[in-house]
Amino acid sequence: VQLQASGGGLVQAGGSLRLSCAASGLTFTFYGVGWFRQAPGEEREFVAAINRSGGSPVYADSVKGRFTISRDNDRRTVYLQMDSLEPEDTAVYYCATKRVISSVIPGPDPRVYDYWGQGTQVTVSS
């Protein structure tokens, strides 16, 4: 199983980035997907998650209204559109998958996820 995260970079506050997470080696439609982030010296933090059909997204309060998670099952890819970025959003962003049944969303606990990508750095300058 491989999860390849990409799309990170350096952006000014107020700008936008779109992260991608391309999956291979698994039956993608069996898995819900989450995005997490980790800033230096901090614990890994939940950002957003989506169920295996692309519905019922959930977000951390800190990103609600600014970030949008979506997925394209034909492309086996999950996206995280990040708008109105703030310096506090600076972190390494990780995607992760969890096998679920029906429309269950994996949730915010990183311990329940099965597979993790390598991370992509997002830096927001003030």
Side-chain angles (χ1 to χ4, degrees):
V1 175
Q2 186 172 15
L3 300 177
Q4 183 70 41
S6 62
L10 173 64
V11 64
Q12 288 188 331
S16 298
L17 284 172
R18 188 176 81 155
L19 306 183
S20 299
C21 175
S24 60
L26 76 172
T27 305
F28 189 57
T29 52
F30 287 0
Y31 290 80
V33 181
W35 282 99
F36 291 78
R37 65 187 182 185
Q38 189 166 19
E42 302 288 334
E43 293 190 354
R44 194 161 295 190
E45 174 189 24
F46 172 76
V47 175
I50 196 166
N51 69 13
R52 61 188 201 178
S53 64
S56 304
V58 294
Y59 300 93
D61 287 345
S62 58
V63 307
K64 202 172 294 183
R66 300 188 297 121
F67 290 11
T68 303
I69 187 172
S70 62
R71 66 189 289 164
D72 183 337
N73 285 341
D74 289 337
R75 287 185 164 82
R76 305 164 62 85
T77 301
V78 173
Y79 304 98
L80 186 68
Q81 177 67 41
M82 306 187 296
D83 299 317
S84 303
L85 282 161
E86 304 168 351
E88 292 74 23
D89 296 317
T90 295
V92 177
Y93 283 70
Y94 300 90
C95 58
T97 60
K98 174 174 170 53
R99 184 159 180 159
V100 294
I101 58 173
S102 187
S103 60
V104 172
I105 299 172
D109 186 350
R111 296 172 297 179
V112 307
Y113 286 78
D114 303 315
Y115 303 108
W116 290 82
Q118 86 290 356
T120 185
Q121 175 71 47
V122 171
T123 303
V124 184
S125 63
S126 57

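These numbers come from a predicted model, not from an experiment.
V112 and F36 fall within a single hydrophobic cluster, where Ile, Leu, Val, Met, Phe, Trp and Tyr side chains are chained together by heavy-atom contacts under 4.5 Å. F28 and I50 end up in the same hydrophobic cluster when Ile, Leu, Val, Met, Phe, Trp and Tyr side chains are linked at under 4.5 Å. The hydrophobic cluster containing V11 also contains L19, counting ILVMFWY residues as joined when their side-chain heavy atoms lie under 4.5 angstrom apart, directly or transitively. A continuous path of hydrophobic side-chain contacts links Y59 to V78 [ILVMFWY only; heavy atoms under 4.5 Å]. Placement of L85 and I69 within a single hydrophobic cluster is found when ILVMFWY residues are connected by side-chain heavy-atom separations under 4.5 Å, directly or transitively.
Under a 3.5 Å cut-off, the side chain of N73 and the backbone N or O of R52 do form a donor-acceptor pair.
Using a 3.5 Å distance cut-off with no hydrogens or angles, the side chains of T123 and Q121 do pair a donor with an acceptor. Donor-acceptor pairing under 3.5 Å is lacking for the side chains of T97 and D114.
Y94 places none of its side-chain heavy atoms less than 4.5 Å from the side chain of L3. With contacts defined as side-chain heavy-atom distances shorter than 4.5 Å, the pair V122/M82 qualifies. Considering only heavy atoms from C-beta on, V63 comes within 4.5 Å of R37 through its side chain. A 4.5 Å side-chain heavy-atom check between F46 and D109 finds every atom pair outside the cut-off. The shortest side-chain heavy-atom distance between E45 and S62 falls under the 4.5 Å cut-off. At least one side-chain heavy atom of L26 sits under 4.5 Å from a side-chain heavy atom of R76. The closest side-chain heavy-atom distance from Y31 to R99 is below 4.5 Å. Using a 4.5 Å cut-off on side-chain heavy atoms (C-beta onward), F67 and W35 make no contact.
Summarising the geometry, atom OG belonging to S126 is positioned 12.0 Å from atom CD belonging to E86; distances are rounded to the nearest 0.5 Å. Here the CD-CD distance, from Q118 to Q2, works out to 8.0 Å after rounding to the nearest 0.5 Å. Taking OG1 of T29 as the start and CG of D74 as the end, the distance is 10.0 Å to the nearest 0.5 Å. Atom-to-atom distance recorded for S20:OG and Q81:CD is 9.5 Å, nearest 0.5 angstrom. Distance SG/C95 to CD/Q4: 8.5 Å, rounded to 0.5 Å. The CG atom of L10 lies 9.0 Å from the CG atom of L17; values are rounded to the nearest 0.5 Å.
Minimum heavy-atom separation, D83 to S16: OD1-OG, 2.7 Å. Here the closest heavy-atom approach between residue G34 and residue Y113 is recorded as N-CE2, 3.7 Å. Among all heavy-atom pairs drawn from G8 and T120, the shortest one is N-OG1, 3.1 Å. Of all heavy-atom pairs spanning W116 and P110, the tightest one is CZ2-O, 3.5 Å. Residues V100 and G32 approach most closely at CG2-N, 3.6 Å, considering heavy atoms. Closest of all the heavy-atom pairs between K98 and P106 is CB-CB, 4.1 Å.
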